[in-house]
Amino acid sequence: MLPSLPMRSARSRGVIERYRAFLSLSETMPVISLGEGSTPLLHSPRLSDIVGRGCEVYIKYEGLNPTCSFKDRGMTLAVSKAVERGAGIVVCASTGNTSASAAAYAARAGIRCAVVLPAGKIASGKMVQAIAYGATIVAINGNFDDALRIVRELGGREDFAIVNSINPDRIAGQKTAAFEVVDELGDAPAAHLLTLGNAGNISAYWAGYSEYHTAEKCSRRPAMLGFQAAGAAPVFHGRVIENPETVASAIRIGNPASWETAVAALRDSDGAVDVVTDQEMLSAQRWLAAKEGIFVEPASAAPIAGLFKICDATRASRYRRDQIQDGTALVCTVTGHGLKDPDIVLQEAAAITPIPADTDEVLRALSF
Ligand SMILES: *Cc1c(COP(=O)(O)O)cnc(C)c1O
């Protein structure tokens with residue numbers, strides 16, 4: 001039982017306690033939470049200036065979740081349900097944020113976590129969290145599809161719970177981000193921009209906005225604008241991409257699990273899907289960190305790069321600047337923290353050459 005702390009903040013309670021009325025759960029389900037959700041919705045004065053005409057741009061900073069990505073919103077629900085069913089181990093095929101989140105929530109629940117991976121893909125810096133949280137990492141001689149097939153087969157066993165994005169509890173938990181946006185803004189924004197990989201998150205936001213609209217918590221639903229990496233853009237091209245290529249590992253996906261629901265969300269919201277190049281993502285990542293103090297991983301910068309593209313009259317964009325009404329609010333979700341992938345920034349950094357230990361020398365180095 002939780003100790004009764006009457007002043008527990010929304011953050012400390014986590015998304016299940018905060019939004020229980022919208023999640024259709026049994027009263028007896030144990031709640032496995034690390035205080036996810038209730039992330040900042042930061043106003044961006046500089047992006048607002050770029051969009052202009054009285055529009056206000058807000059950043060939903062999902063890198064501030066417990067394992068530093070939005071995956072925690074779905075994982076709290078997936079692991080809580082797994083424990084309720086009596087599963088003793090959660091399993092996933094992931095080299096990235098899903099494994100980090102699964103491992104943390106399994107640790108919190110006191111059950112095991114297994115991460116099944118193709119051999120050779122294990123060096124990724126992102127695995128550091130799964131290792132620290134005590135997950136068992138299993139390398140197989142096969143590719144990612146083999147890993148996913150094995151995970152699906154294991155998920156059929158009673159003691160195993162699969163927590164890859166095909167688990168519908170993940171999407172249900174991720175809806176809470178849309179609820180938070182409406183609760184904070186007082187209504188839904190005119191447009192919601194986000195990165196699109198397996199397409200679970202865009203589907204979850206749309207479901208969240210739609211449920212809140214039905215409950216009359218907001219007067220409208222936003223246009224959903226999804227952005228894919230140019231080299232990994234199956235939804236944009238309308239076909240499976242056999243060998244997806246992008247620096248943004250979180251969206252290096254050629255055949256999204258939630259493809260159909262994402263297409264429905266894009267259509268029903270009068271939204272659009274567009275592509276941004278790796279270079280545009282990396283520039284937007286640097287811009288957001290240096291101009292607004294918000295450091296995100298490359299995949300998370302896709303909606304920022306996408307907003308730049310929309311506002312650049314010289315670019316052919318699937319969504320046009322004149323489709324955004326004057327004086328409206330736009331929200332960009334940034335999905336994961338920049339420290340997830342530090343190498344990408346350090347690769348481009350200039351070498352730092354030492355100078356004499358002298359204040360005048362330091363002032364000179366600072367160009368004063
Ligand atoms: C998982 C992930 C994505 C992709 O989200 P989907 O729901 O698969 O579209 C994007 N960015 C980050 C940081 C992620 O961890």
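Note that the numbering runs from 1 along the sequence shown for the chain. Atoms within a ligand are numbered from 1 in the order they appear, just like the ligands themselves. Values below: every heavy atom of this structure, side chains too, minus hydrogens, waters and symmetry copies.
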Any nitrogen or oxygen of [X], main chain or side chain, under 3.5 Å from a nitrogen or oxygen of ligand 1?
X    : result
S69  : no
A199 : yes
Q174 : no
L196 : no
T195 : no

Tell me: protein heavy atom nearest [atom], and distance?
atom                    : result
atom 7 (O) of ligand 1  : N201 N, 2.8 Å
atom 5 (O) of ligand 1  : F70 CZ, 3.5 Å
atom 11 (N) of ligand 1 : T335 OG1, 2.7 Å
atom 1 (C) of ligand 1  : K71 NZ, 1.4 Å

Any atoms of ligand 1 less than 4.0 Å from a non-hydrogen atom of [X]? List them with their elements.
X    : answer
G200 : 6 (P), 7 (O), 9 (O)
N198 : 6 (P), 8 (O), 9 (O)
G336 : 13 (C)

F295 and H337 aromatic ring geometry - parallel, tilted or perpendicular at 30°/60° bounds: perpendicular
Heavy atoms of other groups near [X] [atom1], more than 12 under 6.0 Å:
X    : atom1 : value
N141 : CG    : no
D322 : CG    : yes
R321 : CZ    : yes
E153 : CD    : yes
R220 : CZ    : yes
E211 : CD    : yes

Geometric cation-pi criterion R73 and Y19, 6.0 Å radius, 45° cone: no
For [X], which part has a heavy atom under 4.0 Å from ligand 1: side chain, backbone, both, or neither?
X    : result
K340 : neither
N97  : side chain
E297 : side chain

Within-4.5 Å side-chain heavy-atom neighbours: T246 and M281: yes
Residues R18, T176; criterion side chain to side chain donor-acceptor pair (under 3.5 Å); working and verdict: CA-CA 9 Å; R18 186 169 177 193; T176 57; over 6 Å; no
Non-hydrogen atom of S165 closer than 4.0 Å to ligand 1: no
